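Heads up, the thing below is written out as structure tokens.
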Number of protein chains: 2
Amino acid sequence: MMSGNSPDFTERLRAAGLRPTRQRVALARVLFEGGHRHVTAESLHAEVKATRMPVSLATVYNALNQFRDAGLLREVVVAPGRSYFDTNTGHHHHFYVEPDGELHDFPSDKVTIAGLPSPPKGTRLSRVDVIVRVHR
Amino acid sequence: MMSGNSPDFTERLRAAGLRPTRQRVALARVLFEGGHRHVTAESLHAEVKATRMPVSLATVYNALNQFRDAGLLREVVVAPGRSYFDTNTGHHHHFYVEPDGELHDFPSDKVTIAGLPSPPKGTRLSRVDVIVRVHR
DNA sequence: GCATCTTTTAGAATAGTTCTAATCTGCTTG
DNA sequence: CAAGCAGATTAGAACTATTCTAAAAGATGC
Ligand SMILES: [Mn+2]
Ligand SMILES: [Mn+2]
Ligand SMILES: [Zn+2]
Ligand SMILES: [Zn+2]
């Protein structure tokens, strides 16, 4: 249906406390309408421009940071000099394929990590990231 | 043979296929004479300059990359926009303290990771990184 | 000590990201 | 539905980490 619009994304953005501007709706559509994605600012910018919606790179960066802060995305750091943003915000871990730079999810519920030492004095656990680095 | 110098580091560099230049020896001394370290290019540059050995930042970057390629260091990526270099090249994992940016080792031999899926088709396992993110 | 090849260096260049400040737009109010 | 306003977008500058360039200096082998 989408009588021209995207009520779902509009609503989702509003629920996250973000105005559903045209650019944010276009970005949200690209990010969230299929399955889970891992994008960089540049790759997302290229994709959204291909939909003929003009969006500046600065806006892509702004939106990615806002979406992450709102809990719609999660940031993944696996390689120096580039940030990935992940539409899968649930618990999971990653394969990182070098030198391609591809990221693949795997569920964390079948993975057992035992014997982790307790956090250093004065700190609290925030998240455990497992990155399985593979190469061709 | 240079009495007063650092024959161990000279030798270690030579063994790694690197000429023991003054700059590389000075850097190796700072890096390897104490216990294990995690440094950035900037932090190492500051440290070595404090020893009154003039070394350019470009040389620090060159040396870090060469040391890593030679297996003397390992590169750790935990935060966007900065690379850490680790003098501990054995198997181990990391605590990453935000927002300080501190890295702490913990041994991997007491940690058990079970249930990891097998690598994607056409890839081979290279390394498994566990990053325990903590905050104050 | 000389020749040769390597390394260092200052500064320019590059890549990813953030900032600035001017313009525009979504939303509320009358 | 017209203002009015706060919030968003944008081009381009700025910034940070890193790499590159090409010229000068240094290490090594003879
Ligand atoms: Mn960011
Ligand atoms: Mn590097
Ligand atoms: Zn993911
Ligand atoms: Zn370490």
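Please read all numbers here as calculations on a predicted model, not as lab measurements.
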How close or far is atom [atom2] of [N] from atom [atom1] of [X], stated in whole angstroms?
{"X": "Arg68(B)", "N": "dT18(D)", "atom1": "CZ", "atom2": "P", "answer": "11 Å"}
{"X": "Glu11(A)", "N": "dC27(C)", "atom1": "CD", "atom2": "P", "answer": "11 Å"}
{"X": "Gln66(A)", "N": "dC19(C)", "atom1": "CD", "atom2": "P", "answer": "12 Å"}
{"X": "His45(A)", "N": "dT10(D)", "atom1": "NE2", "atom2": "C1'", "answer": "11 Å"}
{"X": "Arg82(A)", "N": "dT18(D)", "atom1": "CZ", "atom2": "P", "answer": "15 Å"}
{"X": "Asp69(A)", "N": "dT18(C)", "atom1": "CG", "atom2": "P", "answer": "11 Å"}
{"X": "Arg14(B)", "N": "dT6(C)", "atom1": "CZ", "atom2": "P", "answer": "16 Å"}
{"X": "Glu75(B)", "N": "dA17(D)", "atom1": "CD", "atom2": "P", "answer": "15 Å"}

Item checked: Short side-chain donor-acceptor distance under 3.5 Å, Glu75(A) and Ser83(A) ->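 There is such a pair between these side chains.
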
Q) Strictly by modelled atom types, are His45(A) and Glu47(A) linked by a side-chain donor-acceptor pair under 3.5 Å? A) no

*Toward the 5' end of DNA chain D, which comes first, Leu57(A) or Gly81(B), by nearest nucleotide?*
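On the 5' side of the pair lies Leu57(A).
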
By nearest-heavy-atom nucleotide on DNA chain D, the more 5' of Thr21(B) and Ala58(B) is Ala58(B)

If only side-chain N and O atoms of [X] are considered, is one of them under 4.0 Å from the OP1 or OP2 phosphate oxygen of [N]?
{"X": "Thr40(A)", "N": "dG16(C)", "value": "no"}
{"X": "Asn62(B)", "N": "dT19(D)", "value": "no"}
{"X": "Gln23(B)", "N": "dT9(C)", "value": "yes"}
{"X": "Arg22(A)", "N": "dC24(C)", "value": "no"}
{"X": "Thr59(A)", "N": "dT10(D)", "value": "yes"}
{"X": "Tyr61(B)", "N": "dT18(D)", "value": "yes"}

Query raised in the report: Does Asp86(A) come within less than 4.0 Å of Arg37(A), counting only side-chain N to carboxylate O?
Result: no

Between Arg127(A) and Glu98(B), does at least one N-O distance fall below 4.0 Å, as a salt bridge requires?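 Salt bridge: no.
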
Cationic tip of Arg12(A) within the cone over Phe32(A)'s six-membered ring, i.e. under 6.0 Å and within 45° of the normal?
yes

Please determine, for the side chain of Ser56(A), which listed nucleotide (dT18(D), dA11(D), dT17(C)) has the closest atom?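 Side chain of Ser56(A) sits closest to dA11(D).
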
Among Leu64(A), Leu44(A), Thr21(A), find the residue that satisfies the side-chain contact (heavy atoms from CB on, under 4.5 Å) test when tested with Leu27(A).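 Testing Leu27(A) for a side-chain contact (heavy atoms from CB on, under 4.5 Å) against Leu64(A), Leu44(A), Thr21(A) leaves exactly one candidate, Leu44(A).
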
Using a cut-off of under 3.5 Å, enumerate the N/O to N/O pairs linking the protein to nucleotides 1-7 of chain D.
from, atom 1, to, atom 2, distance (Å)
dG7(D), O4', Arg19(A), NH2, 3.2

Exercise for review: Kindly write out the residues that satisfy side chain to side chain contact (heavy atoms under 4.5 Å, CB included) with Thr51(B), not counting sequence neighbours, or none if the list is empty.
Suggested key: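 Here the qualifying residues are Val30(B), Val48(B), Met53(B).
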
